[in-house]
2 protein chains.
Amino acid sequence: MATVSRVLNQKGYVHKDTVQKVHEAIEMLQYTPNDIARSLSKKSSKTIALIVPDITNPFFNELALAVEKVTQMYGYTTILCNTNDSPAVERQYIQTLKQKYIDGFIMATNTLSSNEIDQLQVPLVALDRFNFQTVPTISSKNREGARLAVQALLQQGCTKIMHIRGPKGLWIAEERCQGYLDLVEDLDWFTPKLIVNGNFQLKEASEAVNKIFETHPDIDGIFAGNDLMAIGALRVMQKRGIRVPDQVQIIGYDGIPLGEMVYPELSTVAQPIYEMGMLAARILIKKIEQQPLEEMNHQMDNELIQRGTTRHTS
Amino acid sequence: MATVSRVLNQKGYVHKDTVQKVHEAIEMLQYTPNDIARSLSKKSSKTIALIVPDITNPFFNELALAVEKVTQMYGYTTILCNTNDSPAVERQYIQTLKQKYIDGFIMATNTLSSNEIDQLQVPLVALDRFNFQTVPTISSKNREGARLAVQALLQQGCTKIMHIRGPKGLWIAEERCQGYLDLVEDLDWFTPKLIVNGNFQLKEASEAVNKIFETHPDIDGIFAGNDLMAIGALRVMQKRGIRVPDQVQIIGYDGIPLGEMVYPELSTVAQPIYEMGMLAARILIKKIEQQPLEEMNHQMDNELIQRGTTRHTS
DNA sequence: CTGTTAGCGCATTCAT
DNA sequence: ATGAATGCGCTAACAG
């Protein structure tokens, strides 16, 4: 019995012939090891959890794919948890998972206080969070990315640009909003009313844009904090019979595949989503296996991709 | 120790005062039970898995919400597994989960052979599958639903209706296609060329529709096997400058929220997604707990919802 | 009503 | 190089 354990884990000495025999027996008996017993004994489930706020957002799907790929390579299982933006659900998941010897978390949500996170007792890496001392963070250069977008809008003739921002208090939403402000705050047409909150949701963004066009019909540029909201804005333009990009130019943020499926195709600030997911997973596993981390805060570069919703030359 | 177990599980006799004292101790020590040990002992993890082919499809998200809701009510955890249409991934999940004492599966995929499913050894309920003898099935009345859509198209003046079907061999796709055929097969304009395969994906549907419009520019009605594909078709119309619903009318199938976010809003055959999810979960739990099932095959009613992509009167 | 005991299936000493 | 013994934290059967 101990011998079988040895060959399964490739640990300790075991004669070559015995290995062979064990494998034959396994085959014959259709034996599969019991992960639960293994977990109990090792105090580890070889499982990590990826916690996301909205599973229908393709951004998180791509992230999940990336995470799953590398965790699997290292022999870990990953389980996907969708909180639907509810902190209660998130806490519930964390609690349940901890009772199951979860080895680590990748948090792509921002609902928990840093206090709660510190008490976690389980390895953790955060996506799109503000610099922690204690937990590794991965994000793209949000402020810089936002500037990229607004600058393009400006250069391409926009004379009144609105911003659809993400949730208040959410780090990445603030940063992207700041990037927008950096470039337009001092222009004479600017007013804070040009910033509306879409909570990163298509529907809310649509409603907000629809409303602001009542009072500001002369807006000719829209920078959205993510692609979903940009698409929401695009819908509104179509509904109102406003031509994109002739009358209004739109740029989103994320670079999700859905952006290429709408018409006109969405211009966007593309994050290296897949790489961010892989990096997060690698770092988490390093942390779980107690290896030293070189860096705590990873900032990825973005790329401005101009497609059908902007009037770019060339 | 056994007493603690008793109060936690509310099983067996235990004095009221003792219960109190145990709870105080739990509070004091911040004790949380170890689910892994519990699972090992009970040979059950109190968790079930919902296996879906494409997590970005809002249909499955709504399903997941429903399933999660009822499983949680019964004290189960549910874990979401996205196979991304890969049978290999699906098998991998099943294997891994079985080794973790998973209590049951809800399969919203159709990749596995019924043979494999019979060997599963774990309670299972299937969504949108053909009538099994052994496993409970839930689906909507696909053929009837399809007829609902095509009939409306016909009545509202369409004289050449194409169908974007789902994957070959997939039961629900076949049924919906049959429903289409039921109504149009004998009409003089009909030709099998009017049926294209979009594999239930937005992108593939777009490409297929784009292609068929080269040879059949006089199509004035589109019935899509799901909403995602219908939206793909809508995109193509917009790209080609074809007015919807004036020149072409479109009806999808599913009733996902996304359908209300596009412009014009999508007409569709709405399935009771949430109810289907809840029903699936209830049945699975019944099966896990060895309660008798009254019925094996549940067929839900659909509702035709006409919105902006059709020219309905009233 | 409560404490003692054995066993769930594995990994990990320690002998041999 | 291999087998026997112990423990992971819990539940269930049994005594008391």
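Model, not experiment: these values are computed from the prediction. Every heavy atom of this structure was used, including side-chain atoms; hydrogens, water molecules and symmetry mates were not. Sequence lines set the chain letters: A, B, ... in the order given, protein chains first and strands last, and positions in each chain run from 1.
Among the nucleotides C:dA11, D:dC8, C:dC10, the one closest to any side-chain atom of A:Tyr101 is D:dC8. Which of D:dA12, C:dC1, D:dA13 sits closest to the side chain of B:Arg6 comes down to D:dA13. Among C:dA11, C:dC10, C:dC8, the nucleotide with an atom closest to any side-chain atom of A:Lys42 is C:dA11. Looking at the side chain of A:Leu40, the nearest of the listed nucleotides C:dA11, D:dG9, C:dC10 is D:dG9.
Rounded to an integer number of Å, the gap from B:His15 NE2 to D:dG16 P is 23 Å. Between A:Leu8 atom CG and C:dA11 atom C1' there is a gap of 11 Å when expressed in whole angstrom units. One interatomic measurement links the two molecules: CD of A:Gln20 to P of D:dA1, which rounds to 17 Å at whole-angstrom precision. In this structure, B:Lys46 places its NZ atom 12 Å from P of D:dT11, rounding to the nearest Å. A:Met1 has its CE atom 6 Å from the C1' atom of C:dC10, to the nearest Å. Here C:dC10 presents its C1' atom at 9 Å from CG of A:Asn9, a figure rounded to the nearest Å.
A donor atom on one side chain and an acceptor atom on the other are found under 3.5 Å apart for B:Thr111 and B:Glu90. Defined by atom type and a distance below 3.5 Å, a donor-acceptor pair is present between the side-chain atoms of A:Asp103 and A:Ser44. One side chain, A:Thr56 or A:Asp54, offers a donor N or O that lies under 3.5 Å from an acceptor on the other. Remark: the A:Gln201 side chain and the A:Asp85 side chain contain an N/O donor-acceptor pair separated by less than 3.5 Å.
Taking side-chain N and O atoms only, B:Lys11 has a distance below 4.0 Å to OP1 or OP2 of D:dA12. In this model, the phosphate group of D:dC8 is not approached by any side-chain N or O of B:Asn34 to a distance below 4.0 Å at OP1 or OP2. Note on B:Tyr13: every side-chain N or O is 4.0 Å or more away from OP1 and OP2 of C:dG3. Between B:Lys43 and C:dG9 there is a side-chain N or O to OP1 or OP2 distance below 4.0 Å. When the side-chain nitrogen and oxygen atoms of B:Ser5 are compared with OP1 and OP2 of D:dT11, one or more of them lie within a distance under 4.0 Å. Residue B:Thr18 has a polar side-chain atom (N or O) positioned under 4.0 Å from OP1 or OP2 of C:dT2. For C:dC1, the OP1/OP2 oxygens have no side-chain nitrogen or oxygen of B:Thr3 closer than 4.0 Å.
Positionally, the nearest nucleotide of DNA chain C for B:Lys16 lies more toward the 5' end than for the other of B:Ser41 and B:Lys16. Both B:Ala2 and A:Ile36 sit near DNA chain C, but only B:Ala2 has its closest nucleotide nearer the 5' end.
Contact annotation for A:Asp35: no contact, since no heavy-atom pair falls under 4.0 Å across all strands.
Around atom CD of A:Gln290, no more than 12 heavy atoms belonging to other residues, nucleotides or ligands sit under 6.0 Å away.
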